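Indexing begins at 1, ligand by ligand and atom by atom, following the structure's order. In this text the structure is predicted, and so the values were computed from the model without any measurement.
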Amino acid sequence: MFTIEKLTALEILDSRGRPTVRTTCQLKSGSAGSASVPSGASTGKAEALELRDGDPRRYRGLGCRRAVRTVNETLHRALAGRSFASQQALDQAMIGLDATPNKSALGANAILAVSLAFSRAAANQAGQPLYLHFAGLLGETRRALPRPTINLFSGGKHAGGQSPLQDILLVPASAKTMDEALSATFAVYQCAVELAARKYGMRALVADEGGLAPPFPHAQAMLDDAVEAIQRAGFVPGKDVALAVDAASSHFFSRGRYQLGEESLDSAGMIDRLEEWVVRYPIVSLEDGLSEDDWDHWPKLRERLAGRCLVVGDDLLCTNPNRIRRAVETRAADTLLLKVNQIGTLTEAMEACRLARAARWSVTISARSGETEDDWLADLAVGWRGDQIKIGSIMRSERLSKYNRLLAIEAETEWPLVDWP
Ligand code: 2PG
Ligand code: MG
């Protein structure tokens with residue numbers, strides 16, 4: 001049993017300097033836990049509501065004082081003094097208090113901060129590392145570390161829109177350990193810095209997730225340059241280091257057409273283009289290749305890429321069990337991108353994870369573009385045995401806190417990286 005004594009929240013700033021929520025959950029047992037929630041920029045339309053103050057005079061309306069008050073007053077009053085047998089019991093209580101389909105009454109940022117802080121407090125009460133506590137919640141017994149997919153080049157909403165594709169990520173395919181994966185990434189990243197200087201005259205300025213964002217002449221140049229950087233680092237593209245792409249195409253889709261730079265493609269044309277890239281480049285994972293509204297064409301994309309490349313749904317699925325069920329039924333994807341703040345509680349994210357596993361999908365556990373120094377994501381990805389973890393590049397401390405936590409977990413457990421699905 002876990003008895004909540006006190007819930008307190010604080011408005012803090014995320015990696016873009018925007019306010020977010022940090023909550024501390026104090027248990028009667030004397031154990032406590034704190035957690036901070038992240039925030040996206042290229043958000044899906046079906047995400048749970050992030051409660052913002054809307055006062056244009058303060059942080060351009062992005063203040064989180066209302067969410068903080070919700071934790072300190074509404075949730076504290078409703079939950080303090082109560083005992084919960086499990087994470088599920090606490091989350092269900094908050095879902096009941098909110099009573100809206102998208103957490104618009106209390107705010108997903110307020111609710112998730114409590115959900116996560118409670119989990120940390122419960123792990124502390126049990127004297128368990130957080131990753132083992134998370135594994136216990138899901139009943140996960142397989143032991144391995146997620147394979148990192150690491151941001152190299154950025155575009156889209158994470159880099160001022162200089163290129164339509166949002167992320168080109170490295171997949172250290174032959175690495176057996178986290179240490180090998182990160183050292184290979186460092187080598188390629190350094191070659192990409194040199195390449196950006198040589199080709200684009202750009203110093204190593206980085207985008208929201210620490211990826212390099214030179215002014216690529218067109219989308220495909222991001223892929224050419226990534227392959228060149230892998231080769232210059234002495235690796236064989238596809239064998240040692242492969243590529244993952246987050247096209248985030250909901251954000252360049254309008255009225256049935258994909259605006260890929262100068263080109264305007266319909267859905268069939270976009271599928272052809274993506275397939276061409278998968279054939280030509282060592283792409284092993286493609287996220288949001290189509291828009292969140294393009295449900296009719298997702299099954300065609302999956303069929304075309306089957307066996308060659310993971311077809312990952314982010315904006316399409318929004319970690320939402322209902323949308324995942326629909327995608328499983330229509331065979332629209334084969335990998336869930338899991339972001340707990342898209343749905344707002346650990347319990348619902350667990351349901352999303354279970355649904356994906358039951359459909360034999362793989363699961364990528366992902367950070368947001370707006371992050372904090374909190375590192376719970378690393379524990380979550382290990383505990384829920386994510387096939388991949390997506391944190392961003394190996395630059396910027398809000399990303400590094402998670403990579404460094406993975407290294408600490410690796411040192412503690414000596415678990416190998418999970419095999420590519
Ligand atoms: C994504 C994420 C992380 P954001 O699209 O997958 O890269 O971005 O948090 O802005 O939604
Ligand atoms: Mg995405």
Side-chain angles (χ1 to χ4, degrees), residues 14-18 20 36-50 62 108-109 112 146 148-161 163-171 206-213 222 243-253 274 283 285-294 298 301 309-320 323-324 327 333 335-344 349 352 362-372 374 377 380-381 386 388-396 398-399 402-403:
D14 73 12
S15 54
R16 281 190 279 248
R18 298 177 187 171
T20 187
S36 304
V37 296
S39 171
S42 77
T43 46
K45 283 194 283 204
E47 293 194 21
L49 182 107
E50 198 173 67
L62 296 172
N109 42 357
L112 181 64
T149 61
I150 304 155
N151 208 305
L152 180 69
F153 292 134
S154 299
K157 294 211 158 194
H158 295 168
S163 177
L165 300 179
Q166 183 177 283
D167 304 305
I168 306 295
L169 306 109
L170 299 174
V171 182
V206 298
D208 283 5
E209 297 192 359
L212 298 164
M222 296 175 93
L243 297 178
V245 175
D246 180 4
S249 62
S250 306
H251 306 286
F252 54 86
F253 179 74
L274 294 169
I283 300 171
S285 170
L286 173 64
E287 178 182 333
D288 282 356
L290 296 175
S291 152
E292 63 198 335
D293 295 323
D294 206 357
W298 272 86
L301 178 69
C309 169
L310 299 178
V311 177
V312 187
D314 171 15
D315 290 356
L316 177 78
L317 305 172
C318 282
T319 318
N320 182 312
R323 292 178 77 90
I324 296 166
T335 300
L336 166 68
L337 194 89
L338 186 147
K339 295 165 165 168
V340 285
N341 82 321
Q342 285 182 325
I343 190 72
S362 68
V363 177
T364 299
I365 300 203
S366 175
R368 300 306 308 246
S369 50
E371 272 291 339
T372 73
D374 199 338
L377 187 85
L380 190 81
Q388 298 88 25
I389 183 169
K390 183 175 119 173
I391 300 172
S393 93
I394 50 166
M395 301 281 147
R396 302 185 55 135
E398 78 280 4
R399 316 282 146 196
K402 284 99 172 148
Y403 287 117

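Put simply, the side chain of Thr43 does not reach to within 4.5 Å of the side chain of Glu50, judged on heavy atoms. For the pair Glu287/Thr335, no side-chain contact is recorded, criterion being any heavy-atom separation below 4.5 Å from C-beta on. With a 4.5 Å cut-off on side-chain heavy atoms, Glu209 and Glu371 do not count as touching.
Take Phe252 and apply the ring-ring contact (aromatic ring centres under 6.0 Å, His included) test, not counting sequence neighbours, and it matches no residue.
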Problem - side chain to side chain contact (heavy atoms under 4.5 Å, CB included) evaluation trace for Ile150 with Leu169 - result: CA-CA 5 Å; Ile150 304 155; Leu169 306 109; 5.8 Å; no
Exercise for the section: Might you work through the salt bridge (Lys or Arg N to Asp or Glu O under 4.0 Å) test for Lys390 and Asp246, ending with a clear yes or no? Expected result: CA-CA 11 Å; Lys390 183 175 119 173; Asp246 180 4; 3.2 Å; yes
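Lys402 places a side-chain N or O within donor-acceptor distance of the main-chain N or O of Asp374, the cut-off being under 3.5 Å.
Checking Ser39 against Arg16 by side-chain atom types alone, no donor-acceptor pair falls below 3.5 Å.
For ligand 1, residues of the protein lying within 4.0 angstrom by heavy-atom distance are Gly40, Ala41, Ser42, His158, Gln166, Asp167, Glu209, Asp246, Glu287, Asp314, Leu337, Lys339, Ala367, Arg368, Ser369, Lys390.
Near-neighbour remark for the Mg ion (ligand 2): protein N, O or S atoms under 2.8 Å are Asp246 OD2, Glu287 OE2, Asp314 OD2; waters not counted.
Sorted by first and then second residue, the pairs that involve residues 310-320 and meet salt bridge (Lys or Arg N to Asp or Glu O under 4.0 Å), not counting sequence neighbours, are Asp314-Lys339.
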